[in-house]
Trainee: 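Got a structure here, written out as structure tokens. Questions coming.
Below, each value reflects all heavy atoms present in this structure, side chains not excepted, and no hydrogens, waters or symmetry copies. Counting starts at 1 for both ligands and their atoms, in listed order.
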Amino acid sequence: MYPDLEGKTVLITGAGTGIGQAMARRFGQEKANVVINYFSDQENPDDTIVDIQKNGGQAVKIKGDVSKEEDVQAMIDKAVDTFGSLDVMINNAGIENEVPSTEMTLDNWNKVMSTNLTGMFLGCRDALKYMTDHGIEGSIINMSSVHQQIPWPHFVHYAASKGGAKLLTETLALEYAPKKIRVNSIAPGAIDTPINAEKFDDPALKKGVIELIPIGYIGKPEEVAACAVWLASKEASYVTGLTLYVDGGMTKYPGFQAGKG
Ligand code: BGC
């Protein structure tokens, strides 16, 4: 537990499902005020809100598209109007779809880039503006991916967006360190979330993914959330510009296990 997170206001984009939802719940356990951004009517943040309240946190939801300036501003306003501040911004919303690069439409490319990278930029920009205007020594966490490092055929838009997330995070970390605002990213590997459901429901595909994970299993959203609360807390006060890989070793060349290479 991280007592300094109690009463802090945390805005998490894409928190209707998956890793975002797990982070919302975990910040609730830390008794934070959580603003849950979600995108589609199929998502139901109400259960998450109840869980957070049961654990002593507070929560509100706001629907919105991170690629739209006015929606991102509305999320920040919601945090400030409801809880009086914004201390932690987590840019988590992301999408992906598989398509060979020569068949990728411009629309498909733009959609992924505008959610994953432009949405991240807007969230950072507006949160940093609020924090600097109000002298808040806050924390920003960008959800990247192992694919900021590992090339991923058929996902060139996604890999490019995550490669962009790396230097976006590092650049803003450098730019805002003098204001004591920390900007870090978390790069998950294969995690058991709805984005991967189709793949992991197929035993052969799932086995193929597990072979790429030295630690031997698909990660749980809670294992990512555990890193997010640490990174947001005072315990990580001297950490900025970091990409924290939460990937069971996936980025550490699993092909080179003992006896190989
Ligand atoms: C993607 C997953 C994928 C994992 C490892 C993540 O960024 O969202 O779909 O399984 O990377 O390749």
Trainee: Between side-chain atoms of residues 168-176 and protein atoms elsewhere (two or more places apart, or another chain), which donor-acceptor pairs fall under 3.5 Å?
Mentor:
{"residue": "Thr169", "atom": "OG1", "partner": "Asn142", "partner atom": "ND2", "Å": "3.0"}
{"residue": "Thr169", "atom": "OG1", "partner": "Ala165", "partner atom": "O", "Å": "2.8"}
{"residue": "Glu170", "atom": "OE1", "partner": "Lys166", "partner atom": "NZ", "Å": "3.3"}
{"residue": "Glu170", "atom": "OE2", "partner": "Lys166", "partner atom": "NZ", "Å": "3.1"}
{"residue": "Thr171", "atom": "OG1", "partner": "Leu167", "partner atom": "O", "Å": "2.7"}

Trainee: Quick check for students: name every N or O atom pair between ligand 1 and the protein closer than 3.5 Å, with distances.
Mentor:
{"residue": "ligand 1", "atom": "7 (O)", "partner": "Ser145", "partner atom": "OG", "Å": "2.6"}
{"residue": "ligand 1", "atom": "7 (O)", "partner": "Tyr158", "partner atom": "OH", "Å": "2.7"}
{"residue": "ligand 1", "atom": "8 (O)", "partner": "Glu96", "partner atom": "OE1", "Å": "2.5"}
{"residue": "ligand 1", "atom": "8 (O)", "partner": "Tyr158", "partner atom": "OH", "Å": "3.2"}
{"residue": "ligand 1", "atom": "9 (O)", "partner": "Glu96", "partner atom": "OE1", "Å": "3.4"}
{"residue": "ligand 1", "atom": "9 (O)", "partner": "Glu96", "partner atom": "OE2", "Å": "2.7"}
{"residue": "ligand 1", "atom": "9 (O)", "partner": "Asn196", "partner atom": "OD1", "Å": "2.5"}
{"residue": "ligand 1", "atom": "9 (O)", "partner": "Lys199", "partner atom": "NZ", "Å": "3.2"}
{"residue": "ligand 1", "atom": "10 (O)", "partner": "Lys199", "partner atom": "NZ", "Å": "3.0"}
{"residue": "ligand 1", "atom": "11 (O)", "partner": "His147", "partner atom": "NE2", "Å": "3.4"}
{"residue": "ligand 1", "atom": "12 (O)", "partner": "His147", "partner atom": "NE2", "Å": "2.7"}

Trainee: Report yes if the side chains of Trp230 and Leu244 come closer than 4.5 Å at any heavy-atom pair, otherwise no.
Mentor: yes

Trainee: Side chains of Ser40 and Gln42 only: does a donor on one sit below 3.5 Å from an acceptor on the other?
Mentor: yes

Trainee: Determine whether the side chains of Ser67 and Thr115 contain a donor N or O and an acceptor N or O closer than 3.5 Å.
Mentor: no

Trainee: Considering residues at least two apart in sequence or located in another chain, which fulfil the ring pair (Phe, Tyr, Trp, His ring centres under 6.0 Å) criterion with Trp152?
Mentor: His147, Phe155, Tyr158

Trainee: In residues 69-79, what donor-acceptor pairs under 3.5 Å come from side-chain atoms, sequence neighbours left out?
Mentor:
{"residue": "Glu69", "atom": "OE2", "partner": "Arg125", "partner atom": "NH1", "Å": "3.2"}
{"residue": "Glu69", "atom": "OE2", "partner": "Arg125", "partner atom": "NH2", "Å": "3.0"}
{"residue": "Asp71", "atom": "OD2", "partner": "Asp65", "partner atom": "N", "Å": "2.8"}
{"residue": "Gln73", "atom": "NE2", "partner": "Asp77", "partner atom": "OD1", "Å": "3.1"}

